[in-house]
Amino acid sequence: MAEPDHTEPTIATPNGRLQALRPWLFPLLLVGIVLLLTALDLSGSSVSVIDPGPSSGLVVGNPRPIRSDEWRVRTPLVVRQAGAGWGQQANIATGPHDIGVVADVPVRDWSTFVRPHHWGYWAFGLSRGFAFEWWLNWALAAIGPYALLYVLTRRVTLSAALGLVVAAAPSVQWWTNSFTGSVIGYTCLGVAALILALRQPGRSKRWIGLIAFSGWMFACAATIPYPAWVVPLFIALAPVVALAVFVEAKQDGRSWRERLITAAAVGGTAAVMSAAFLFHHRAAVQAISQTVYPGHRSESGGGGDLVGLFGSPYYWYVARHAEPVLVNGTNESEAAGPLMLLLPAVVAYACAAMLPGFTVVRRRAAALLCGGLVLFAWFVLPIPAGIGRLVLLTQVPPHRLYHTLAPIGAIAFGMTTCFVGGLPVASRRRIAAIAASATFAATATAGTWFTIQNVPLPGGRVVIISMGVASLVGVTLAGYIRSGAIAMAVLAVVVTLFANPLQHGLGPLTDSPAIAKINAEAAQSPGVWWVSTSDSQADIAVLTASQAPMISGPSVYPNVEVWLRLDPNRSKAASWNSYSHVIVDALPDGATTTMWREADILHLGLDLCGADAAALKIGRAVLPPGDPLPSCTTNAEQFDGPEGSLQLATIVP
């Protein structure tokens with residue numbers, strides 16, 4: 001029995017150029033949007049949290065304080081880098097650090113070849129470069145899944161709609177960071193290019209180009225400094241790669257030698273690029289690997305929150321709140337799941353499993369579902385760390401799988417839709433009804449337990465929303481693929497439409513009088529290190545964005561040499577040898593240095609006039625108004641900080 005043709009109808013044109021251009025229209029449209037928003041100097045940053053006044057640059061929407069990794073850590077570090085000339089070393093968090101592997105901060109050297117989302121800084125400058133990076137990562141989250149699904153199905157509309165579903169997922173939009181979308185985009189583009197390379201005649205120019213591009217994309221993904229997102233995506237897509245290399249390429253007439261050469265060339269290209277990057281940053285990579293967290297992290301499976309996993313259709317109610325709220329008992333980002341399309345894909349495939357004809361589309365759907373089910377098992381089942389260690393899943397907390405299940409679920413649903421779409425009408429409708437019923441049950445159950453500020457949603461709204469999501473799933477699987485997929489994309493966009501503010505420029509940091517004051521003082525006293533005893537996140541962000549060498553602030557990995565001056569016996573290594581935000585507590589004269597952790601905050605208690613402060617070369621202290629000045633203060637003055645007056649003390653320990 002011949003396999004049904006699942007491609008979309010072609011457009012008759014005199015020369016076929018429109019038909020050839022058609023698959024490129026969606027990515028070109030997204031690139032155009034990226035460039036337009038870059039030219040307008042607009043981003044989705046929450047940096048206005050630092051200075052919410054009329055000159056904050058906030059155009060519309062609500063800045064999200066929960067995104068402190070963005071506005072308090074990463075964005076200030078980018079501003080700091082711009083002022084320092086984009087060098088590799090930065091004096092932050094108790095000593096020099098390799099900034100190139102810290103929070104994916106841009107560095108202007110050859111290693112940025114695996115950081116294409118950073119290139120906008122060199123082309124457009126700091127502010128517009130930041131906007132370019134912001135929207136490019138959003139576009140990559142859609143373009144990557146689109147490209148992979150199109151290569152597998154040849155359906156433009158279905159692939160584009162599900163690409164938007166991925167990019168608009170709450171798990172992607174609320175976890176806003178520089179590599180949120182890029183890890184999805186790079187990995188999916190790498191797999192898509194590898195599959196295309198396997199279909200090309202060996203040693204042709206296109207074959208060579210696809211191999212180089214695929215290896216480059218895999219290297220870009222592999223060097224993203226967050227294994228909790230990289231590892232599961234590689235695992236989930238591995239069956240698709242294996243199917244393409246060992247089964248489909250063989251059926252296309254490729255010999256085992258051609259297949260292995262192509263796969264080895266892609267793997268070798270990725271390995272060489274990744275190794276070059278890691279070798280360039282080897283000291284920092286080694287230091288991170290030896291930390292308590294994230295280096296020695298060892299997770300086991302299970303414990304994932306199913307309410308968050310199936311509750312994404314209700315996130316419209318979360319996005320409407322201007323102030324931070326508790327969602328299912330945790331913060332907005334932790335509770336943000338994907339539009340869980342893996343469930344209807346599994347149900348639909350299971351219903352059709354007994355039907356004859358193991359077609360190419362069916363095999364591809366099975367491969368994607370296998371990868372997705374492995375991740376789902378790690379999410380819900382108490383799998384021991386010893387088993388997870390075999391595939392590096394011990395680096396993946398189960399609740400971090402929301403981010404990966406978004407693209408895997410969408411692509412698997414797209415493949416299953418094409419498979420079911422080739423069945424007889426009666427079978428297709430029956431399968432669609434069963435999958436829609438399962439979707440309704442899961443979404444409604446999650447909605448029953450979904451809470452905002454510990455208040456459940458109204459039951460009537462839960463039923464209506466659940467029926468709406470289930471209907472879209474059923475319509476798409478029943479054969480109305482274009483209409484259903486487009487409606488699903490519209491739903492996904494509406495759910496997270498208000499998640500991001502619209503921010504013009506980075507004024508709260510680039511135009512900050514407080515930062516200008518700190519920079520002027522730091523330039524007059526090179527080699528002097530600064531501390532802040534303020535626990536205000538805005539104050540810490542300002543110090544981080546300045547050019548002052550800082551003891552306080554974000555510390556992705558410790559400078560061990562410096563910490564051993566304070567803790568020569570390593571008795572407090574469990575506190576300082578970890579990702580942390582260092583806050584300095586000023587102690588009375590003669591007090592012993594203390595260290596203690598509060599979640600990811602490391603409190604370093606120092607006598608700013610004592611021997612330990614002298615060993616750290618501390619010469620400037622920023623203190624809240626009213627706090628007593630260190631006894632060794634030689635000069636003190638007040639200046640305006642982001643949240644009010646601050647004291648700047650010059651100290652000689």
Side-chain angles (χ1 to χ4, degrees), residues 43-47 67-82 84 86-90 92-93 97-122 124 126 129-141 144 172 175-187 189 216-231 233-234 273-274 276-278 280-285 287-289 291 293-295 333 395 400 403-404 506 509 541 544-545 553-557 579 581 600:
S43 73
S45 173
S46 293
V47 73
R67 294 174 177 165
S68 57
D69 283 348
E70 184 263 311
W71 63 264
R72 183 187 64 177
V73 179
R74 207 267 176 173
T75 303
L77 285 174
V78 171
V79 174
R80 184 186 189 92
Q81 274 292 89
W86 309 104
Q88 184 177 343
Q89 296 293 323
I92 59 171
H97 281 70
D98 182 348
I99 201 73
V101 289
V102 174
D104 190 37
V105 175
V107 171
R108 192 169 189 173
D109 63 19
W110 63 266
S111 67
T112 199
F113 71 95
V114 291
R115 293 285 187 271
H117 51 285
H118 290 172
W119 295 354
Y121 291 107
W122 331 139
F124 308 121
L126 170 60
F130 182 87
F132 175 80
E133 179 185 49
W134 188 281
W135 298 114
L136 179 62
N137 277 284
W138 166 78
L140 283 169
V172 175
W175 268 98
T176 301
N177 215 318
S178 63
F179 42 81
T180 304
S182 61
V183 66
I184 295 174
Y186 294 148
T187 306
L189 285 170
W216 178 44
M217 288 292 98
F218 282 132
C220 292
T223 54
I224 292 291
Y226 198 60
W229 287 347
V230 177
V231 169
L233 200 53
F234 275 41
M273 291 182 177
S274 301
F277 178 87
L278 296 175
H280 184 61
H281 298 287
R282 60 191 179 280
V285 172
I288 293 172
S289 68
T291 58
Y293 173 86
S333 296
Q395 293 292 308
R400 291 291 188 264
H403 188 264
T404 306
L506 298 173
L509 293 173
T544 302
S555 175
V556 174
Y557 70 93
Y579 172 83
H581 299 276
D600 63 351

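- Using a 4.5 Å heavy-atom threshold, the side chains of His118 and Asp104 count as touching.
- Taking every heavy atom of both residues into account, Ala219 and Val114 meet most closely at CB-CG1, 4.0 Å.
- To the nearest 0.5 Å, the span separating CH2 on Trp119 from CZ on Phe124 amounts to 12.5 Å.
- Nearest heavy-atom pair, Gln395 versus Pro227, reported as atom, atom and distance to 0.1 Å: CB-CB, 4.3 Å.
- The two atoms that bring Gln81 and Gly87 nearest to each other are NE2-O, 2.9 Å, heavy atoms only.
- In this structure, Leu189 and Leu140 have side chains that are in contact, with non-hydrogen atoms separated by less than 4.5 Å.
- Side-chain atoms of Glu70 come within 3.5 Å of backbone atoms of Ser46 as a donor-acceptor pair (strictly under, hydrogens ignored).
- Looking at Val183 and Tyr226, their side chains never come closer than 4.5 Å, going by heavy atoms from C-beta outward.
- Here the side chain of Thr291 pairs a donor or acceptor atom with the backbone of Ile288 at under 3.5 angstrom.
- Pro554 places a side-chain heavy atom less than 4.5 Å from the side chain of Thr544.
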Val78/Leu126 under side-chain contact (heavy atoms from CB on, under 4.5 Å): CA gap, chis, key distance, verdict: CA-CA 8 Å; Val78 171; Leu126 170 60; 3.7 Å; yes

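- Below 30°, between 30° and 60°, or above 60°: for Tyr186 and His117 the angle between ring planes is between 30° and 60°, a tilted geometry.
- Among all heavy-atom pairs drawn from Thr75 and Ser45, the shortest one is OG1-OG, 4.4 Å.
- Remark: Arg108 pairs with Trp86, Trp122 by the side-chain contact (heavy atoms from CB on, under 4.5 Å) rule, at least two apart or across chains.
- Judged purely by atom type and a 3.5 angstrom limit, Gln88 has no side-chain atom pairing as donor or acceptor with the backbone of Ile99.
- Minimum heavy-atom separation, Phe218 to Phe234: O-CZ, 4.1 Å.
- For Arg67 against Gly44, the heavy-atom pair with the smallest separation is NH1-O, 4.2 Å.
- Note: Ile184 CD1 to His403 NE2 = 3.5 Å, rounded to the nearest 0.5 Å.
- For the atom pair CG of Asn137 and CZ of Phe132, the computed distance is 9.5 Å after rounding to the nearest 0.5 Å.
- A donor-acceptor contact shorter than 3.5 Å links the side chain of Thr180 to the backbone of Trp175.
- Using cut-offs of 30° and 60° on the angle between ring planes, the pair His581 and Tyr579 is perpendicular.
- Looking only at side-chain heavy atoms (C-beta outward), Arg80 and Ile92 come within less than 4.5 Å of each other.
- Rounding to the nearest 0.5 angstrom, the gap separating the NE2 atom in His280 from the CZ atom in Phe277 is 8.0 Å.
- Put simply, CG on Asp600 and OG on Ser555 are 11.0 Å apart, with the number rounded to the nearest 0.5 Å.
- Between the side chain of Arg74 and the backbone N or O of Asp69 there is no donor-acceptor pair closer than 3.5 Å.
- Judged by distance alone, the side chain of Trp229 and the main-chain N or O of Thr404 form no donor-acceptor pair under 3.5 Å.
- Atom OH of Tyr121 and atom CD of Glu133 lie 3.5 Å apart (nearest 0.5 Å).
- Under the 3.5 Å distance criterion, the side-chain polar atoms of Tyr557 are matched with a main-chain donor or acceptor of Asp98.
- Counting only N and O atoms by type, the side chains of Arg115 and Thr223 include a donor and acceptor under 3.5 Å apart.
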